[in-house]
Q: 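Quick one: structure below, then a few questions.
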Amino acid sequence: MSKDNLARVAQDDIYSRLDSAIETTVKLHAERNDLEGRFPRENLQALAAAGWTGVLNELRFGGLGLSHGDFAEAAYRIGQHDASTGLVYVMHVGAAQTINLFGNDDQKERWLKAKGGTLLGTYSTSERASGGHWWYNFSEAGRDGENYVLNAEKSFTTSSGQAGFYVVQTRSPGAKDPTDISFFIVDGKAAGILPGRWDALGVKGNHSGPIRYAGVKIPSRDRLGAEGQGKEIIYDGVSPVYLIGLGAVWEGVARGALNAAVAHTSSFVHKDKNKNLSDYQAIRQELGAAKVLVETLRPWRNELAAKLDELWRAGKPQSEILIPLTEFKVHAAEVANKVAAAALTVTGGYGYRRGPIERSFRDARAAIAMGPSNVIARDWIGKALVGLPLELFYEGGE
């Protein structure tokens, strides 16, 4: 067998493991987790057992060593069945990739490779005082000799209280400027981590609740990058992988809602007319319009993911395509909402009942608000379009 064929077989096996984890675990538990607001730990364990929580990590650190295209495809496939698990997965891979880009080998050994790569990570960035401006912090790390102390209240942290480690963003000790930011890897078992309750309209399983860090001690070895390097990490580490993954999850939600709508309209019969719902032209037109929207996303996703890989290989800043990634997030969020609404329309009372279509409608609303919200993001895009500067940390820049 040629090397190309061997590589193809290996790739097929990797994806078959992903699909098996989704089919036997993610899909199975989606409805229960939504109804009970249960964190999808079993789903993440199944994805970890299949190797996919280490999708971007190097082989020497226990990962699959795959591409952003593979990561986004996984997020898309998970999102078709469960947005909550998709978001937890994206935040985990994003946190791991930020360590890949800015961490050292010791940090990769202890946080990415530890426990067979099963430690769940996440971002912890936004603060209530700055609302949707998640990049802007008022909290500030303190010093404890050569180590650090963290006192901060974060407003939305996916996997709050559930993660094995948090990639936390805060101002550097003694910061005199809002751009003087540092990042830390915080042990999820550290004393002083106080998670709050998560109760929301949708994505009920992702536990994106508030979290307080009360005097949490952080060893200096777990500072990520240099002190004051946080702005660079936000632009070139956190944002790109987050945006491609986020958009892919919402693409998956849209595809899942469309698939469910097609299945129902093709099988439900009006006995009085002896017609399937799909026999009605009005229903088919709604489905056709939704299909056109969904199909706009995959080529764009693949193009952006390939560009991220190209920049990564070349050691170039991934923020070079920050605006196109933001555009993709905005469009994917809007497509998810439009397609979920169309699915609800064509399935009538069936879709309105508790179930996958109703859940996709609720889950998709989170896409509009998740930072950068579509309202803020469209202004970024407009500024770039007319040649105005985009500076997120000072009045008038954003």
Q: When you look at NZ of K291, are more than 12 heavy atoms from neighbouring residues, nucleotides or ligands closer to it than 6.0 Å?
A: no
Q: Using a distance-only test with no angle check, is there a side-chain donor-acceptor pair under 3.5 angstrom linking N57 and K113?
A: no
Q: Find out whether S155 and P210 are in side-chain contact, i.e. whether some heavy atom of one side chain is under 4.5 Å from a heavy atom of the other.
A: no
Q: Minimum heavy-atom separation for G161 and I211, please, with both atom names.
A: N-CD1, 4.2 Å
Q: Under 3.5 Å, side chain of K154 to main-chain N/O of T125, donor-acceptor pair present?
A: yes
Q: Could you tell me how the ring of Y213 sits relative to the ring of Y166: parallel (under 30°), tilted (30 to 60°) or perpendicular (over 60°)?
A: perpendicular
Q: With side-chain contact (heavy atoms from CB on, under 4.5 Å) as the criterion, how do L47 and L18 come out once you've worked through the C-alpha distance, each side chain's angles and the decisive distance to 0.1 Å?
A: CA-CA 7 Å; L47 292 167; L18 171 65; 3.8 Å; yes
Q: Set out, in order, the CA-CA distance, both residues' side-chain angles and the distance that settles side-chain hydrogen bond (donor to acceptor under 3.5 Å, both in side chains) for H331 and T296, then state yes or no.
A: CA-CA 9 Å; H331 185 53; T296 62; 2.9 Å; yes
Q: Nearest heavy-atom pair of F138 and E127: which atoms, and what distance?
A: N-OE1, 2.8 Å
Q: Considering all heavy atoms of both residues, which atom of A332 and which atom of L297 are nearest to each other, and what is their separation?
A: CA-CD2, 3.8 Å
Q: Side-chain contact test, heavy atoms from C-beta onward, threshold under 4.5 Å: evaluate it for N206 versus P40 and give yes or no.
A: no
Q: How about W134 and L392: do any of their side-chain heavy atoms sit closer than 4.5 Å?
A: no
Q: For residues L120 and I193: do they belong to one hydrophobic cluster (side chain heavy atoms under 4.5 Å, members Ile, Leu, Val, Met, Phe, Trp, Tyr)?
A: no
Q: When you check the side-chain N and O atoms of R41 and Q162, is any donor under 3.5 Å from an acceptor?
A: yes
Q: Between R32 and E42, does any NZ, NE, NH1 or NH2 come within less than 4.0 Å of an OD or OE carboxylate oxygen?
A: yes
Q: How about E58 and N100: does a side-chain donor come under 3.5 Å of a side-chain acceptor?
A: no
Q: Would you say the side chains of S67 and D70 form a donor-acceptor pair under 3.5 Å?
A: yes
Q: Using side-chain heavy atoms (C-beta onward) and a distance below 4.5 Å, is D82 in contact with N43?
A: yes
Q: Please work out whether the ring planes of Y89 and F71 are parallel, tilted or perpendicular, with thresholds of 30° and 60°.
A: tilted
Q: Are E23 and R77 within salt-bridge range, i.e. N to O under 4.0 Å?
A: no
Q: Using every non-hydrogen atom in the two residues, find where L66 and W312 come nearest and quote the distance to one decimal.
A: O-CZ3, 4.4 Å
Q: For the pair H270 and Y280, name the ring-plane relationship: parallel under 30°, tilted 30 to 60°, perpendicular over 60°.
A: perpendicular
Q: What distance do D177 atom CG and K231 atom NZ have between them, rounded to the nearest 0.5 Å?
A: 8.5 Å
Q: Can you name the nearest heavy-atom pair linking K204 to S84, along with the distance?
A: N-OG, 3.5 Å
Q: Is a side-chain donor-acceptor pair under 3.5 Å present for W250 with N337?
A: no
Q: For H207 and T158, test the side chains for any donor-to-acceptor distance below 3.5 angstrom and give the result as yes or no.
A: no
Q: For the side chain of D363 and the backbone of G202, is there at least one donor-acceptor N/O pair under 3.5 Å apart?
A: no
Q: If the condition is side-chain contact (heavy atoms from CB on, under 4.5 Å), which residues does L35 pass it with, not counting sequence neighbours?
A: E31, R354
Q: Answer whether the closest heavy-atom distance between the side chains of V330 and R378 falls below 4.5 Å.
A: yes
Q: Could you list the donor-acceptor pairs under 3.5 angstrom formed by side chains in residues 181-192, with sequence neighbours left out?
A:
{"residue": "S182", "atom": "OG", "partner": "S172", "partner atom": "OG", "Å": "2.6"}
{"residue": "S182", "atom": "OG", "partner": "G228", "partner atom": "N", "Å": "3.0"}
{"residue": "D187", "atom": "OD1", "partner": "K189", "partner atom": "N", "Å": "2.9"}

Q: Check whether any side-chain N or O of Q107 sits under 3.5 Å from a backbone N or O of N104 as a donor-acceptor pair, and report yes or no.
A: yes
Q: Using a cut-off of 6.0 Å, state whether more than 12 heavy atoms not belonging to D106 lie near its atom CG.
A: yes
Q: With side chains defined as the heavy atoms from C-beta onward, is the minimum distance between N276 and F268 less than 4.5 Å?
A: no
Q: Is a side-chain donor-acceptor pair under 3.5 Å present for Y76 with R301?
A: no
Q: Using distance alone, with no hydrogens and no angle criterion, decide if T170 and S139 have a side-chain donor and acceptor under 3.5 Å apart.
A: yes
Q: So do the side chains of L87 and V249 get within less than 4.5 Å of each other, counting heavy atoms only?
A: yes
Q: State, without any angle test, whether E227 and Y148 hold a side-chain donor-acceptor pair at a distance under 3.5 Å.
A: yes
Q: Are R60 and D105 close enough for a salt bridge, meaning some N to O gap below 4.0 Å?
A: yes
Q: What I want to check is whether the side chains of Y123 and T98 have a donor and an acceptor closer together than 3.5 Å.
A: yes
Q: Show, in sequence, the C-alpha distance, side-chain angles and deciding distance for R171 and Y136, and conclude whether the side-chain contact (heavy atoms from CB on, under 4.5 Å) test is met.
A: CA-CA 9 Å; R171 290 195 189 191; Y136 196 104; 3.4 Å; yes
Q: Find out whether V93 and H68 are in side-chain contact, i.e. whether some heavy atom of one side chain is under 4.5 Å from a heavy atom of the other.
A: no
Q: I'd like to know if the side chain of S159 reaches the main chain of T122, judged simply by a donor and an acceptor atom lying under 3.5 Å from each other, with no hydrogens or angles considered.
A: no
Q: Spell out, as yes or no, whether a donor-acceptor pair under 3.5 Å connects the side chain of T118 to the backbone of K115.
A: yes
Q: Does I368 belong to the same Ile/Leu/Val/Met/Phe/Trp/Tyr cluster as L243, with side-chain heavy atoms less than 4.5 Å apart forming each link?
A: no
Q: Can you see which heavy atom on A95 is nearest to which on V167, and at what distance?
A: CB-CG2, 3.7 Å
Q: Would you confirm whether the ring centroid of W52 sits within less than 6.0 angstrom of the ring centroid of Y15?
A: yes
Q: Do E232 and Q229 have a side chain donor and acceptor closer than 3.5 Å?
A: yes
Q: Begin from the C-alpha positions of V335 and E251 and carry the test side-chain contact (heavy atoms from CB on, under 4.5 Å) through to its verdict.
A: CA-CA 7 Å; V335 167; E251 179 190 352; over 6 Å; no
Q: Walk me through whether R298 and E73 qualify under side-chain contact (heavy atoms from CB on, under 4.5 Å).
A: CA-CA 9 Å; R298 178 181 289 275; E73 179 66 19; 3.1 Å; yes
